[in-house]
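Sequence lines set the chain letters: A, B, ... in the order given, protein chains first and strands last, and positions in each chain run from 1. Heavy atoms only: backbone and side chains are in, while hydrogens, waters and symmetry mates are out.
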Amino acid sequence: MAKLILQRLAFLLLVIWSASTIIFFVPRMSSRNAIRERFAELARTGGFAPADLEAIISSMEQQFGLDRPLIEQYWVYLGNILRMDFGYSLSRYPATVTDLIVQALPWTIGLLIVTTILAFLIGNFLGAIAAWPRAPRWARGMATPFVLLTGVPPVIMGVLLLFFVGFRLKLLPLGGAYSIGTVPSLTWEFALDMLRHQVLPAMALVLGSVGGWVLSMRGMGITIQGEDYVTFAEHKGLTPGRIFRDYYLRNTLLPQMTAFALALGTIVTSAIVVEAIFSLPGIGTALNNAIRANDFPVIYGIVLFITIAVATIMVAMEFVYPLLDPRIKPQT
Amino acid sequence: MTTTWSSQPVLRVQGLEVTYYTDLGRAKALDDVTFSLGAGEKMGMVGESGSGKSTLALAMMRMIKPPGRIEGGTVHIGDTELMGLTEEGMRKARLSKIAYIPQGAMNSLNPVTRIGAQLVDAVKSHVSGDSNSAIKDRCLAALRSVDLDERVFNLYAHELSGGMKQRVCIAIGILLQPQVIIADEPTSALDVVTQRQVMETIDRVKDEINAAVILIGHDMGLMAQFVDKVAVMYAGRLVEVATVRDMFTNPRHPYAQALIESLPNLDNKGVFQGIPGLAPSLLRLPSGCAFHPRCTHAQDICKQVRPEVNHISDGRLVTCHLFDKEAVHVQSA
């Protein structure tokens with residue numbers, strides 16, 4: 001077991017190293033310069049154009065170590081990663097990358113983790129019901145509308161919801177994490193206001209993804225019902241509830257949990273899109289802004305953070321499998 | 001009534017009919033099946049694939065799934081009539097009155113829960129009020145009575161051999177001491193040594209709880225060694241029911257005769273005698289007697305009139321026109 005854990009940790013490090021190397025070089029292929037762009041932006045909006053602009057820029061580049069050869073920067077970068085120090089944001093200096101991630105993270109976790117889990121639970125429940133022949137017809141039909149919505153990407157869903165529910169019906173706010181003018185505080189009023197802002201983005205994410213879970217669970221359910229052990233359970237005179245729970249749901253769990261771990265990895269993609277549409281200050285928006293400004297330290301920080309999170313979940317899943325299915329033994 | 005309670009048959013099946021409603025038409029899978037079985041008696045049920053053996057087992061358990069439907073008939077176990085029970089009443093009757101030992105024991109156990117849990121949940125679904133330790137003791141006793149070690153209780157199905165899995169299924173079958181046990185080809189996936197051990201196990205536990213056993217299978221050799229009575233099915237009907245000795249030495253129905261003659265024989269090695277033709281499709285059964293196109297004794301009447309069950313001497317039942325004259329009029333059970 002110790003050998004297995006070591007092996008998986010080594011694998012984890014390998015994944016993180018490869019991801020960090022790729023992500024290091026990609027933004028540097030761009031000819032854009034985040035520092036120069038920042039000053040250009042300042043000049044355009046504020047009319048502030050220092051005479052010794054070139055001197056300021058080169059002194060900042062020196063400070064960030066950008067004047068050194070790329071390969072030398074790469075070694076420094078790897079060393080920083082080992083210390084989990086991602087440095088400063090170029091476009092929002094003096095804010096550090098860690099500051100930006102810490103500020104953005106709660107919004108993303110609050111919205112995306114919750115909606116992914118919600119979609120997983122709703123989808124699997126409806127899918128299991130849809131495949132269960134003893135369920136009443138109306139219950140089995142509940143999954144159908146979600147299946148119809150499966151093809152709609154979160155972007156379109158988000159825009160449609162914004163237009164109809166937010167703009168036309170004015171039922172819910174059009175964007176932002178909380179109402180402009182309110183100060184974040186630990187009051188019921190603020191919490192409620194915040195929740196109201198999360199409803200539409202959550203719906204945009206959940207409505208489109210429930211259908212996928214319904215379909216995979218329904219397929220799995222139909223296969224498992226044909227298994228001899230479910231038939232024999234009925235011959236044993238077990239109550240339908242027990243057969244449903246211990247013989248049917250329990251056996252669909254393993255493949256669905258794998259799919260769930262994979263789905264957590266795709267969260268990021270949805271995050272960028274949905275947070276952008278609803279102007280939520282999450283990880284997705286932070287990454288989006290960083291890419292637009294070619295603020296590579298922030299790109300490094302966020303992408304690495306996501307890589308580590310997803311890779312760790314995957315490795316953890318491997319240790320959860322034997323608990324879900326006794327036929328699986330951890331293999332070195 | 002002069003008969004004593006104990007001589008009353010424990011299982012009485014009367015006019016059982018099952019039809020499958022398929023897109024191609026109606027298929028009558030069981031047609032007027034009537035037989036009875038006493039406590040401790042063992043009956044073998046033989047016939048070609050698709051002749052209705054397994055359908056009969058499922059119908060007795062009331063486990064026929066759509067598009068199939070039980071269209072008529074009664075199944076009495078003691079004085080309980082199964083077909084009239086509510087859904088919940090039937091659920092309780094399964095395993096406690098009539099148990100089914102499945103055909104595919106290899107996959108009949110839940111792969112993700114321990115064997116013990118699968119015995120315990122069977123007991124808990126029928127008996128309420130027993131303490132957990134009493135239930136566990138009962139399960140361990142069942143495992144012991146099928147010659148399994150008590151440690152099997154804590155194992156998973158994939159840790160057992162095929163024979164052990166089959167024994168676990170038998171242990172589950174006898175947990176609640178049912179009056180009737182249906183074993184659907186319980187040994188078809190096992191090697192001959194294990195096969196014999198499993199059959200002996202079934203035999204012994206049957207004696208312990210004095211249950212009536214119906215053994216479904218193709219293996220005539222196994223039947224000859226194991227059962228008291230043999231019933232031959234053809235196209236959803238019971239064509240002959242006789243004691244095992246009568247069936248093997250002097251089969252009466254032409255199909256049963258052909259079946260016995262087709263068995264390989266030590267004196268006549270190398271020559272296999274099959275039954276010409278194929279089993280008919282249940283969707284397009286021949287008129288009259290369903291066997292007449294393959295029957296060497298077929299007469300004109302066989303093509304037109306559906307034969308009724310003839311009770312002939314010493315309790316034999318033959319569904320064939322050849323025996324219409326020999327029939328003894330017996331009040332059907």
**Side chain, backbone, both or neither of A/L324 within contact of chain B (heavy atoms, under 4.5 Å)** = backbone
**Message:** The criterion is side-chain contact (heavy atoms from CB on, under 4.5 Å); which residues satisfy it with A/A261, sequence neighbours excluded?
**Reply:** A/I313, A/M314, A/M317
**Message:** Strictly distance-based, threshold 3.5 Å: is any side-chain N or O of B/D121 a donor or acceptor partner for the main-chain N or O of A/R242?
**Reply:** no
**Request:** Find the one option among B/S125, B/P66, B/S96 whose heavy-atom pairs under 4.5 Å with chain A are most numerous.
**Result:** B/S125
**Request:** Tell me, yes or no, whether the heavy-atom count around A/F305 atom CZ, taken from other residues, nucleotides or ligands under 6.0 Å, exceeds 12.
**Result:** no
**Asked** CD1/A/I243 to CZ/B/R91 distance, rounded to the nearest 0.5 angstrom?
**Response** 9.0 Å
**Request:** Heavy-atom distances under 4.5 Å only: say whether B/Y100 touches chain A with side chain, backbone, both or neither.
**Result:** both
**Message:** If I measure from the heavy atoms of chain A, does B/L175 come under 4.5 Å with its side chain, its backbone, both, or neither?
**Reply:** neither
**Request:** May I ask you to name which of A/D246, A/D325, A/T239 has the most heavy-atom pairs under 4.5 Å with chain B?
**Result:** A/T239
**Request:** Spell out, as yes or no, whether a donor-acceptor pair under 3.5 Å connects the side chain of A/K236 to the backbone of B/Q118.
**Result:** yes
**Message:** I need the B/N107 CG to A/F232 CZ distance, nearest 0.5 Å.
**Reply:** 12.5 Å
**Asked** Would you call A/H235 and B/P102 a side-chain contact if the rule is heavy atoms closer than 4.5 Å?
**Response** no
**Message:** Counting C-beta onward and ignoring hydrogens, is there a side-chain heavy-atom pair between A/R327 and B/V112 closer than 4.5 Å?
**Reply:** yes
**Euclidean distance, B/M61 CE relative to A/E234 CD, rounded to 0.5 Å** = 9.5 Å
**Request:** Decide yes or no for B/E159 and A/P326: does some side-chain heavy atom of the first lie under 4.5 Å from some side-chain heavy atom of the second?
**Result:** no
**Message:** Please check if the number of heavy atoms outside B/R26 that lie under 6.0 Å from its CZ is greater than 12.
**Reply:** no
**Request:** Count the heavy atoms belonging to other residues, nucleotides or ligands that lie under 6.0 Å from CZ of A/F146, then report whether that count exceeds 12.
**Result:** no
**Item:** B/A99 portion near chain A, given a 4.5 angstrom heavy-atom threshold
**Value:** neither
**When B/I98, B/N110, B/L176 are compared by non-hydrogen pairs under 4.5 Å with chain A, the top option** = B/N110
**Prompt:** Hey, is CZ on A/F11 packed in by over 12 heavy atoms from elsewhere, all under 6.0 Å?
**Reply:** no
**Item:** Neighbour count above 12 (heavy atom, 6.0 Å) for B/Y156 OH
**Value:** yes
**Request:** Inspect the surroundings of CZ in B/R94 and state if more than 12 heavy atoms from other residues, nucleotides or ligands are less than 6.0 Å away.
**Result:** yes
